[in-house]
A.B. asks: 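Sharing a structure, written as structure tokens. Questions coming.
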Amino acid sequence: MSSLTLLIISLSFNILVLLPLQLDAISSCNGPCRTLNDCDGQLICINGKCNDDPDIGTNICGGGGGGSGTCKSSGTLTCGAKSYPKYKCSPPVTSSTSAKLTNNDFSEGGDGGGPSECDEGYHSNDERVVALSTGWYNDGSRCGKMIKIRATNGRTTTAKVVDECDSQNGCDDEHAGQPPCRNNIVDGSNAVWNALGLDTNLGVVDVTWSMA
């Protein structure tokens, strides 16, 4: 057997050994994939590429999710003597996304200011409705959708997304004089707080949320 033939056999063997390692590689956003196991983290394989899971509501690959998992301030807004950070993004959405639950009155004349962005209407305090920080609101892509919220006391409830908790603008009449929202806010009606067994006088509490 010639040395050339031996070399060809050796190269073919090495390629066959290395090939499974390449196929087993974990792909990130827009990376190649054939099965769900080929994709990193919460991503799934769609049309041969790893992408966000629409059932979970991840926005890791697209805008409004923080991209690489970090979300930096896009500047500051000065209200009187105080400066507040502005955000275009929010932390990535997962099956258990950490957030701060705040309280909002979505009725006409309430502390929410103007009507809700999703439907240009007002909502009773008896409705389980929420506003999401700008990044999570994601240009209205979650309007009308239900999310599931879990409090640290173990209680859960669902609520409908009807508005944006603006993380870019504030301190004006449209926002009832309130500063910009932080980028990790689920702003819930009284009905949401009551369903979770929480006292609205607390003002802000830790919760987790996901798409329902």
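Along the sequence shown, the residues carry numbers beginning at 1. Just so we're clear, the structure is a prediction, and the values are computed from it rather than from any experiment.
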A.B. asks: Any luck finding a side-chain donor-acceptor pair between Ser107 and Asp105 under 3.5 Å?
C.D. replies: yes
A.B. asks: Going by the side-chain contact (heavy atoms from CB on, under 4.5 Å) test, name the single residue among Val186, Asp187, Val205 that passes it with Thr102.
C.D. replies: Asp187
A.B. asks: Rounded to the nearest 0.5 Å, how far does SG of Cys181 lie from CH2 of Trp136?
C.D. replies: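 Here the interatomic distance stands at 11.0 Å.
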A.B. asks: What disulfide bond (SG atoms under 2.5 Å apart) pairs are there with at least one residue in residues 118-149, not counting sequence neighbours?
C.D. replies: Cys118-Cys143
A.B. asks: Nearest 0.5 angstrom please: Ser95 OG to Met211 CE, how far?
C.D. replies: 13.0 Å
A.B. asks: Would you say Lys86 has more than 12 foreign heavy atoms packed within less than 6.0 Å of its NZ?
C.D. replies: yes
A.B. asks: Can you sort out the partners of Lys100 under salt bridge (Lys or Arg N to Asp or Glu O under 4.0 Å), two or more places apart, ordered by chain and number?
C.D. replies: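 Residues passing salt bridge (Lys or Arg N to Asp or Glu O under 4.0 Å) with Lys100: Asp206.
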A.B. asks: Looking at Thr208, is its backbone amide N or carbonyl O close enough to the side chain of Arg150 to form a donor-acceptor pair, meaning the two atoms are under 3.5 Å apart?
C.D. replies: no
A.B. asks: Can you name the closest pair of heavy atoms from Ser116 and Phe106 and give their distance?
C.D. replies: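 Residues Ser116 and Phe106, closest heavy atoms: OG-CD2, 3.9 Å.
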A.B. asks: Go through it in stages, so that I can follow the logic: the residues are Asn125 and Ser189, the test is side chain to side chain donor-acceptor pair (under 3.5 Å), and I'd like the CA-CA distance, side-chain angles, deciding distance and then a yes or no.
C.D. replies: CA-CA 6 Å; Asn125 288 316; Ser189 63; over 6 Å; no
A.B. asks: Are Ile185 and Leu196 connected in the hydrophobic side-chain network, where two residues link if heavy atoms are under 4.5 Å apart?
C.D. replies: no
A.B. asks: When you check the side-chain N and O atoms of Ser90 and Asn183, is any donor under 3.5 Å from an acceptor?
C.D. replies: no
A.B. asks: Check Arg155 against Ala195 and note the closest heavy-atom contact, atom names and distance.
C.D. replies: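 Heavy-atom minimum between the residues: NH2-O, 3.1 Å.
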A.B. asks: Without swapping roles, check the side chain of Gln168 against the backbone of Tyr87 for a donor-acceptor pair under 3.5 Å.
C.D. replies: yes
A.B. asks: Going hydrophobic residue to hydrophobic residue with side-chain gaps under 4.5 angstrom, can you get from Leu202 over to Trp209?
C.D. replies: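 Hydrophobic grouping puts Leu202 with Trp209.
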A.B. asks: Hey, mind stepping through Thr134 and Lys88 against side chain to side chain contact (heavy atoms under 4.5 Å, CB included) and telling me if it holds?
C.D. replies: CA-CA 6 Å; Thr134 294; Lys88 293 179 181 178; 5.6 Å; no
A.B. asks: How about CG on Asp119, more than 12 heavy atoms from neighbouring residues, nucleotides or ligands closer than 6.0 Å, or not?
C.D. replies: yes
A.B. asks: Report the distance from atom CG of Asn103 to atom CG of Asn201, rounding to the nearest 0.5 Å.
C.D. replies: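 One gets 9.0 Å once the value is rounded to the nearest 0.5 Å.
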A.B. asks: Are Leu132 and Trp193 co-members of a hydrophobic cluster defined by side-chain heavy atoms under 4.5 Å apart?
C.D. replies: yes
A.B. asks: To the nearest 0.5 Å, tell me how far Thr152 OG1 sits from Leu198 CG.
C.D. replies: 7.0 Å
A.B. asks: Flag the pair Val192 / Val129 as yes when at least one side-chain heavy-atom distance between them is below 4.5 Å, and no otherwise.
C.D. replies: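 Result no, sub-4.5 Å side-chain heavy-atom pair not found.
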A.B. asks: Only one of Leu101, Ile149, Asn104 clears side-chain contact (heavy atoms from CB on, under 4.5 Å) with Val130; which?
C.D. replies: Ile149
A.B. asks: Once rounded to the nearest 0.5 Å, what's the spacing between atom CG of Asp163 and atom CD of Glu120?
C.D. replies: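 One gets 9.0 Å once the value is rounded to the nearest 0.5 Å.
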A.B. asks: Mind listing the closest non-hydrogen atom pair of Pro85 and Pro180 along with its distance?
C.D. replies: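 Smallest heavy-atom distance, with atoms named: O-CB, 4.2 Å.
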